[in-house]
Amino acid sequence: MGRLTAFLRLFHQFSLRHLVRHRGRAVTVLLGIGLGAAVFTSVRLSVDASLSSFGRSVDLLAGRADRVVVEVTGAVPETLVAPLRRHPAVSAAAPVMTTYVRPAGDEARSFLLVGIDPILDRPMRTWTAEKRDGKTVTAWQRLMATPATLVAGASLARDLGWRVGDRVPLEHAMGRQDFEVAGILADEQLGRAEAGRLAIVDLATFQELTGRFGFVERIDLILRPDVSTGDLEALAALMPPGVSLQTPGGAKATGTAMVRAYQINLSVLSFASLFVGMFLVYSLVALNAASRRPELAILRSLGATPRRIFALFIGEGAVFGILGWALAIPVSTVLVKFLLDGVSRTISTLFVRVEIDRLALSPLEIGASFVLTVGVAVAAAWQPAREAMKVAPKEVLTQSPVTAEDGPGARRLALGGFGCILAALPLARIPGLPGLPLPGYLATLLLFVGFALLSPWGLRRLGGWFADGGDVPFVLAVRYVRDSGTRTAVSVGALITAVALFTALVIMVHSFRRTVEVWVTQTLSGDLFVAPKMAEAINFQDLMTDADMQVVRSLETPATVVPHRRYNLEHQGVPYTLEAMPMIPFLRQGDFVWYQGPAEAIRPALREGKGVVVSEVFANRTGLTAGDRFEADLGRAVVKWPILGVIRDYRTQGGVVFADLDALLAVVPDAGWTGVRFYLPQDSAGVEHLRQELIARCGDRLDMVTGADLRQSILEVFDETFAVTTVLLLVALAVAALGITTTLTVLVLERTRQLNTLLAVGGSRRQIRRMIFTEAAFLVALGEAAGLVCGFLLSYLLIYVINRQSFGWTFIYRVDWAALGFSVPLIVATALAAAVPALRQVFRRPPATLLRER
Amino acid sequence: MKPDPVIIASGLKRVYPLGESQVVGLAGIDLAIDTGALVVLKGVSGSGKSTLLALLAGLDRPSAGRLVVAGRDLAGAGEADLTIFRREVVGMVFQNFNLLPTLTVLENVSIPALLAGRPRSETLRRADELLAWLGMTPRRHHFPAQLSGGEMQRTAIARALINDPPIILADEPTGNLDSANGAAVIELLADLNRRWQRTVIIATHSTIADPYATVRILLKDGAIVDGSWAD
């Protein structure tokens, strides 16, 4: 205890006072690491809030169920409820149906509608509802007794201005129906699912609305406490073909797994800012260790052990980590409010629907942020602390000039750097775990480290080439940069990291967008897309009615009709969509974006129904590829087709398998349609004409979107998704600019004597400023050039390794020369602007100090 | 005939703010130094030697009073004027040599001329001449870290002379040298004064330069307490 107190006292006197005395530099580094930590923490908090809300919602909807009975296409026979209730292993059984509906005419505010049997459901889920007069009533009796009544969640009722007794029109695939609000759910238990944006109806009312008579989505079971394995086996034996008994965590696990890759990628991207901040900490601790060498020698001569010196500098790193984290937390709470909306919308659009009910600062995330920030700062201080502990006590007598240690030789570092870069390539080829591209990330880290290690050697080479050209300020600047050692190179390393990340992401996002553009133009070709109402929200679970299908077959407007039938299936736990459509008209009007296999040979076979094509995501996730056999249990039939080829597809909820509709109908004659796309002759006015005809003949039972609007909306979602990425990139660049500021300021401050000597021998202030500016330009030039090279390599990793390992897809490689051409000079200008504070420091101390300092 | 004074100071004062108080560097001195003089400035630490030298070198500005060096009014000079003054009028020699570590001996010597915009070839020729005179030719491509203290100070003297200034200011030029090298440096400065008629001002604690002095000035607490003119 006494030793700790003594150390803390020394730390305060030796380290903290020094940091306070040079608070300008310390604050800049704190800003850098704090900003990095804030971005990382707020991104994690945003994703965590979204996932927590999703998880809570799923748990609340699952209630106390121990097991759920489900069917592959979501249609469990309702007749199964009675035998299950009677089964000795079952304590309670309750059927559940869910779908999304929307207030009539309000496309933006769809919400979850839950159909239950109010009596059977009592043991399963707890909820209470209040009447207008505030008394709790048995709303479940009203739901049962009065058809077309609903109990609305508190948030939903508040948003839509509903009150008990109101009549509200709702829209669903099967049309529109008026409901009476029988009560408002109390903000507790089930009332909190979906952040209170849900409504409960009686099962019969639900079936009336959706037309799904005789089937339920699932049956929740509570098992008896003493249930044996034999009982469970007997229970499972009750299930008809296609129906299975599962644990209730499946939906949550599937949803969380879908978001995991997105969460990891965003976390890694946000960690980049913290990684860049690490360079800043290294830079300042290294400066302190070098410039305070005489003081360290004094401490050593007075009895301080090397270990204590090491601890002092590690302590400096820890202080930056702790204060940076303390700064990051309040910044995160502000930043998360801006990020949360974008992140939750992205997750809702791409993966699973989330409704954020509350934003809690997860202690786990806050703790993780603390450990990571302090860990990163301590890791950054490690090498300078090791250098500091090597100072010998005898140096107190030698009065050696105060110069920064050059650290390990530039050539040795460069060899290490080349080694890292070369090691990244084979590492990237190792397959990662599903959704966790660990080898890809390690390869990325090796690339960053490799290029950072190359920078001292790069500065030497660059300096060597220019050392004898130009005027005096230029030559002096180049010589200084050439000989300045590892510490200068650290800032170049930070800039390389930020520029590389920027370049790689610009290329990746551009390649992704261009490929998606090709995909929406070819695979999502068509002039009008028609589906049952809310089909998109409920993932095309409902079929078009026979009447509507008949209308489509007998339209007067001339159009090529391409209907489709989608099944949402799983292959060994991997969710995917089987989509069957008539290939002859589709391939005449549109095409797939081919990835593997000879398109010219595959198309005819596909038209003839001789096989299927699978998406790259499906192939990567399941391991099934061209030449393999695709097999799927559709409930009433099992289909088996050879896989003819692999295509690119960018739907985010798993892979897709495309088959010919006639081939499907041969196996499942009454498969029905989940939607239709129309191709019109070269006449844009025809789209509106077709719409009008469909409305006139089908009423408002169908959702319709023009092909142009659909493609446009997909690209808008795409752009919105990457808006968060852009913010993270800008922060990483800002932190790198802070690195340039710190380095140049430190270089200026430690050279005050040299700069004043130049002034004394006739150099003008302008010449000296130009010299500093040239130094900045050299650092920035090398950082930019190496960053660009690293960025191009990294873009390959992102597109062909990390995206493949995270999401299962790759893109057609395209470089956005225009964006790079515009932004690279902008980054150069920003980095050079970061030199301004250093320029201001040049003459902070009067030149006369040359004569006073001996 | 007595030569014209190259340095004229009257009521020269330099006060440094220090927190809420002030430190007096020079308390208002009067001074006239003739062209070709070899002045030895003496005094204990804090007496004002370096302050006076900084003002004479155009590295600092007086708080009050008049200072004219080689016909240039330094009290009212702007930054650009002071830069030109430092290039054309004074050459500085420091105790710590203050050579730039990334430049060779030849480059260090050349730098004031190149900063002043002199042609490179002419500058290198002049630098070579100076190095030859100082016996430094064999070391012309060496870096400062490869030189002895005496060699570094000879390099610094060559650098002070490259622009051919009429005044040489030396701040404790022997402070970091052994006695033999210290004597050699003082002999060099005296030679400059005697043969080339440079005005040389040496601020020093030691008595090593006393035999060569034409003027001895003793400073104490920012004031001249003794100024004796040798014949």
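Side chains are part of it too, since the values below use all heavy atoms of this structure and drop only hydrogens, waters and symmetry mates. So you know, we letter chains A, B, ... as the sequences are listed, proteins then strands, and number each from 1.
Using a 4.5 Å heavy-atom cutoff, the side chains of Arg120(B) and Val472(A) are not in contact. Within the 4.5 Å cutoff, the side chain of Met92(B) has no heavy atoms near those of the Val761(A) side chain. Leu103(B) places a side-chain heavy atom less than 4.5 Å from the side chain of Leu476(A). Counting heavy atoms from C-beta outward, Asn98(B) and Asn756(A) have side chains that stay 4.5 Å or more apart.
If you measure heavy-atom distances from Glu107(B) to chain A, the contacts under 4.5 Å come from the side chain alone.
No more than 12 heavy atoms of other residues, nucleotides or ligands lie within 6.0 Å of CZ in Arg386(A), so this atom counts as exposed by the packing criterion. Around the CZ atom of Phe143(B), the shell of radius 6.0 Å holds more than 12 heavy atoms that belong to other residues, nucleotides or ligands.
By the ring pair (Phe, Tyr, Trp, His ring centres under 6.0 Å) test, Phe97(B) is found to be paired with no residue, residues two or more places apart in sequence or in another chain being considered.
Pairs of residues two or more places apart, or lying in two chains, that qualify as side-chain hydrogen bond (donor to acceptor under 3.5 Å, both in side chains) and include a residue from residues 73-82 of chain B are Arg765(A)-Glu79(B).
Contact count versus chain A (heavy atoms, under 4.5 Å) is highest, among Ser110(B), Pro101(B), Ala116(B), Pro165(B), for Pro101(B).
Between the side chain of Arg87(B) and the main chain of Gly762(A), a donor-acceptor pair closer than 3.5 Å is present.
When all heavy atoms of Gln767(A) and Leu115(B) are compared, the closest pair comes out as NE2-O, 2.9 Å.
Atom CG of residue Leu99(B) and atom OG1 of residue Thr757(A) lie 8.5 Å apart, to the nearest 0.5 angstrom.
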